[in-house]
Amino acid sequence: MRLPPYRLGAPCDSSAHVRKRDRSNMTPPGRPEGSRSEADRTHAVSREIGGKSHVDSALAARAYLLLSLTSLFWAGNVIVGRYVAGYIPPVTISVIRWAGAFVILLPFAAVHLIRDWPLIKKHAGFLTLLALTGFSAYNTMAYYGLHFTTAINGLLLQSVSPLFVALWSFVLFRDHLSLRQAAGIAVSLVGVGVIVCHGSLQILLATAFNKGDLWFVVALLIYAFYVAILRLRPPIHPLSFLAVGMGGGAILLLPAMALEIAAGQTIVFDTVSALTLIYVCVFPSLLGYLFLNRGIELIGANRAAPFINLVPVFGSVLAIALLGERLEYFHAVGYALVFAGITLATRR
């Protein structure tokens with residue numbers, strides 16, 4: 001059975017400064033690593049995030065760049081997903097995506113997983129919730145929803161993600177959008193509409209919604225919930241956090257994958273599907289979520305959410321570059337509105 005398409009250097013420190021910094025990072029004598037409080041662990045993790053042990057410090061400090069790269073990787077996921085329509089069932093691609101990313105990450109995360117294991121066990125329930133919402137449910141439900149809806153509908157619906165994030169932030173934490181943030185989200189939303197509907201109001205009005213859109217909306221609500229509650233993540237290293245989410249996300253999907261296989265929906269292995277799986281494991285999964293989590297940590301969920309509207313922008317650019325589509329006036333207008341909205345929403 002063939003499935004319908006789905007969307008898938010800073011100057012060196014002086015020696016004296018280095019010695020001073022190294023002493024500040026050391027555990028006091030007589031106080032073993034495991035006895036530190038969670039507050040101490042959080043502070044230590046924050047230093048590691050900003051240092052070269054996590055990612056290049058110059059890159060880690062630029063939340064906007066990290067969030068933009070995440071949107072670029074996710075846009076690429078949309079493009080390559082069109083090439084494997086009918087080759088890889090939705091649950092199967094989700095399992096392979098997260099399991100593959102976990103295997104790639106494990107050599108780098110192993111030492112942190114060992115160190116953070118007591119905290120991981122302590123917060124196992126909450127980490128399972130994050131794996132379920134941010135890794136398992138969101139992606140799989142979006143894939144299923146796009147079996148029944150169109151790419152235009154999917155992009156239109158995806159553009160309301162910042163509003164869902166704001167909604168969950170208010171419900172859970174009583175966070176209020178500033179007037180500037182609300183205006184920025186609205187301007188970006190208009191820009192997405194211009195791009196997706198080719199600048200035509202008739203196309204927008206003629207867009208019909210179906211049951212696939214309901215699946216997609218529920219998926220976006222789940223994703224927004226994940227983004228909103230990331231602030232409550234336990235104080236473990238980013239690589240530990242990502243490894244637990246990816247590994248847990250793959251494990252939680254195994255029963256659904258078994259049902260999918262039993263229903264006769266199996267993967268078709270060829271060069272295209274293999275290259276696609278490599279891409280989705282590394283870029284939208286491993287790097288995309290690493291950059292997303294760090295970006296949200298740096299500037300908060302409400303300020304990070306408008307960057308999701310860069311997905312259709314980058315998607316249209318990739319379609320022009322890779323699929324031979326023409327650059328039209330509405331692309332330029334839409335890009336300008338999206339960038340203006342993001343700039344407005346992220347300024348303090």
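Only heavy atoms go into these numbers, but all of them, side chains included; no hydrogens, no water, no symmetry mates. In this text, all values refer to a predicted model and were calculated from it rather than measured experimentally.
In this structure, a donor-acceptor pair under 3.5 Å is absent between the side chains of T92 and Q265.
Contacts of F102 classified as ring pair (Phe, Tyr, Trp, His ring centres under 6.0 Å), with partners at least two apart in sequence or in another chain: none. For L179, there are no side-chain contact (heavy atoms from CB on, under 4.5 Å) partners, not counting sequence neighbours. Applying the side-chain hydrogen bond (donor to acceptor under 3.5 Å, both in side chains) rule to T70 yields no partners; only residues at least two apart in sequence or on another chain are considered.
S94 contributes no side-chain N or O that, together with a main-chain N or O of N139, makes up a donor-acceptor pair within less than 3.5 Å. In this structure, the side chain of S169 does not engage the main chain of A228 through any donor-acceptor pair within 3.5 Å. Without hydrogens or angle criteria, W168 side chain to Y226 main chain gives no donor-acceptor distance under 3.5 Å. Judged by distance alone, with hydrogens and angles left aside, the side-chain atoms of W74 form a donor-acceptor pair with the main-chain N or O of P284 at under 3.5 Å. Looking at N309, its side chain never comes within 3.5 Å of a backbone N or O of I342 through a donor-acceptor pair.
Hydrophobic clustering keeps L275 apart from I93 (ILVMFWY residues linked when any side-chain heavy atoms are closer than 4.5 Å, directly or through intermediates).
Among I299, L310, I308, the single residue meeting the side-chain contact (heavy atoms from CB on, under 4.5 Å) criterion with L67 is I299. If you run ring-ring contact (aromatic ring centres under 6.0 Å, His included) between Y223 and each of Y138, F135, F216, only Y138 comes through.
When all heavy atoms of M246 and A101 are compared, the pair lying nearest together is SD-CB, 3.5 Å. The two residues V244 and L113 make their nearest non-hydrogen contact at CG2-CD2, 3.9 Å.
Side-chain contact between L286 and L290: absent, with no pair of heavy atoms (C-beta onward) separated by less than 4.5 Å. L172 has its side chain within reach of F225: a pair of non-hydrogen atoms, C-beta onward, lies under 4.5 Å apart. L127 is listed as a side-chain neighbour of P234, based on a closest heavy-atom distance under 4.5 Å.
Residues Y64 and F307 bring their aromatic ring centres within 6.0 Å.
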Could you walk me through whether Y289 and W98 pass the ring pair (Phe, Tyr, Trp, His ring centres under 6.0 Å) test, one step at a time?
-> CA-CA 11 Å; Y289 270 70; W98 299 127; 5.1 Å; yes
